[in-house]
Amino acid sequence: MTERGRADSQALSRWRRVLAQLHAEVGETTFANWLSRLDFVEQSDRAVVLSVPTRFMRDWVAPRFGDRVRALWQQDDPSIDSVEIVVRVDGAAGEACAAPPEAVAVKPAPRAPAEPRASGPLEELENIRATLDPRFSFENFIVGKPNEFAHAAARRVAELDDVPFNPLFIYGGVGLGKTHLMHAITWRICERRPDRRVIYLSAEKFMYQFIRALRFKNIMGFKELFRSVDVLMIDDVQFMDGKDATQEEFFHTFNALVDRNRQIVVSGDRSPSDMEGMEERMRSRLGWGLVAEVHGTSYELRMGILQAKVEQADAVDIPPKVLEFLARKITSNVRELEGALNRVIAHSSLVGRPITLESTQEVLHDLLRAHDRRVTIEDIQKNVAEYYNIKVAEMSSARRAQMVARPRQVAMYLAKQLTQRSLPEIGRKFGNRDHTTVMHAVKRVDQLRQADAGFAEDVELLRRMLEA
Ligand code: ADP
Ligand code: MG
């Protein structure tokens, strides 16, 4: 045996030991569905290279088992310092979830072979599905009052084999965890039922695929592809606002899948009934199943999220006071909260000084200033009422007399200009008015500003007062 041959066979038998150990640790199902698909490629220098058949599978296996494989390997051979998992070239056409069809055979309880499915759409599926973020799992999702309902609904969809409600519609403002929940559903279904064909993609990608199919005269292929899935997940459906042909196609896909009792999950930034740019029939279909809102965060939820992040990033030492400070100050959404925490940690590790309340305020001064300046609808109502000398209560009253209706419209206008609130949200704060009323107010104030210089000046003055 050559030198090289001996090294290879040694590495191979190490790999077999590592695999046997993993098998014992993870149990039969996980092993059969995921780890049995790993192949040893080579050991070169200080790295071990393993392969899996699909990109999707790599994204699943690498973050969960990469470190463990390395640790087990190092027990045998301390010279190894990295494990790399690559996608096998020959296996590119994977099953929607992960395991290619023959994986069925290695499952603990053999069952009838899956019905044969054409390979064309499968390859396509693998190509167009979005990459899933391994961090966006249920395990990493912190549950609190604002998101408990959406979270429970997402779990239900991911953990039941039948279709509990169709569609599940998750909505809420930016950065509140909608995409995280959708990825988590995908991960969980694929973990439990690797035979399921799941596709997750953004509404934008759906449109892009549709347009491409039109251009290349492959609408049949497009239809076949999307109608062949067991679970369809479309993120950020508000992107389809005003895009009639795409909506129409989505509508048909939607109906075809519902007829076949396949699960659909959709997310958006508003509730279905507030999707103004959607056709009425589409709006009503989207609201058919379960509609779950992810609400803005609470102090408790923000604290929970910060604590979980700090735990994950162990090794960093952050005083509880700093966490409390962040949870109190960065209230907009989870994405900004995470960003703030990361900045604080990165800064401290760069300059090599411990994290303190002072250093935190310094590092985040721009962000904190923007937050302090953020005007609320209540501020606007109060200031406008004072300015026009009416009661604040008139902002929400039903009275239509011009002397209260006009200031109310000005306040709605300023709320639209100066806050991040959506039209429906603004409407709610003004005595539960419809979003169309707010839209009308915005238009009306704009017209008056053009026509009446005195009025324009009033509005400008109010704006400056509020922004100061
Ligand atoms: P959305 O799709 O609603 O705009 P994302 O799902 O992209 O928001 O979430 C933004 C960031 O906040 C992500 O990094 C996500 O992991 C994190 N996040 C949101 N909600 C939670 C939560 N409840 N627990 C942990 N992380 C969260
Ligand atoms: Mg999102």
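We count ligands from 1, going down the list as the structure has it; atoms in each ligand are counted the same way. If you're wondering where the values come from, they're calculated on a predicted model, not measured in any experiment. Atom set for the values below is all heavy atoms of this structure, side chains included, hydrogens, waters and symmetry mates excluded.
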Lys/Arg-Asp/Glu bridge criterion (N-O < 4.0 Å) met for R70, D67: yes
Heavy atom of the protein closest to atom 8 (O) of ligand 1 (residue, atom name, distance): G177 N, 3.1 Å
Salt-bridge present (D235, K205; N to O < 4.0 Å): no
Identity and distance of the protein heavy atom lying nearest atom 25 (C) of ligand 1: N140 O, 3.3 Å
Under-4.0 Å salt bridge between R188 and E139: yes
Within-cut-off N or O pair, V174 and ligand 1, under 3.5 Å: no
The Mg ion (ligand 2) reached by T179 (N, O or S, under 2.8 Å): yes
Lys NZ or Arg CZ of R156 over F165 ring: under 6.0 Å, within 45°: no
Atom 7 (O) of ligand 1 - nearest protein heavy atom and its distance: R335 NH2, 2.9 Å
Contact partition for I142 relative to ligand 1, non-hydrogen atoms under 4.0 Å: both
Top protein contact for atom 21 (C) of ligand 1, by heavy-atom distance: F141 CE1, 3.8 Å
Heavy-atom nearest neighbour in the protein, as seen from atom 16 (O) of ligand 1, with distance rounded to 0.1 Å: H180 ND1, 2.7 Å
Under 3.5 Å donor-acceptor, N147 side chain and I142 backbone: yes
Electrostatic pair E460-R449, nearest N-O below 4.0 angstrom: no
Shortest protein contact, atom 12 (O) of ligand 1 (heavy atom only): V334 CG1, 3.2 Å
Part of N333 with heavy atoms under 4.0 Å of ligand 1, whether side chain, backbone, both or neither: neither
Salt bridge E84-R58, side-chain N to carboxylate O under 4.0 Å: no
E338 bridged to R335 by N-O distance under 4.0 Å: no
Best match, E336, E148, K178, H151: closest heavy atom to atom 3 (O) of ligand 1: K178
Charged N-O contact under 4.0 Å between D366 and R343: yes
Nearest-neighbour protein heavy atom for atom 14 (O) of ligand 1, which is reported as residue plus atom name and distance: E338 OE1, 2.8 Å
Contact (N/O only, under 3.5 Å) between G175 and ligand 1: yes
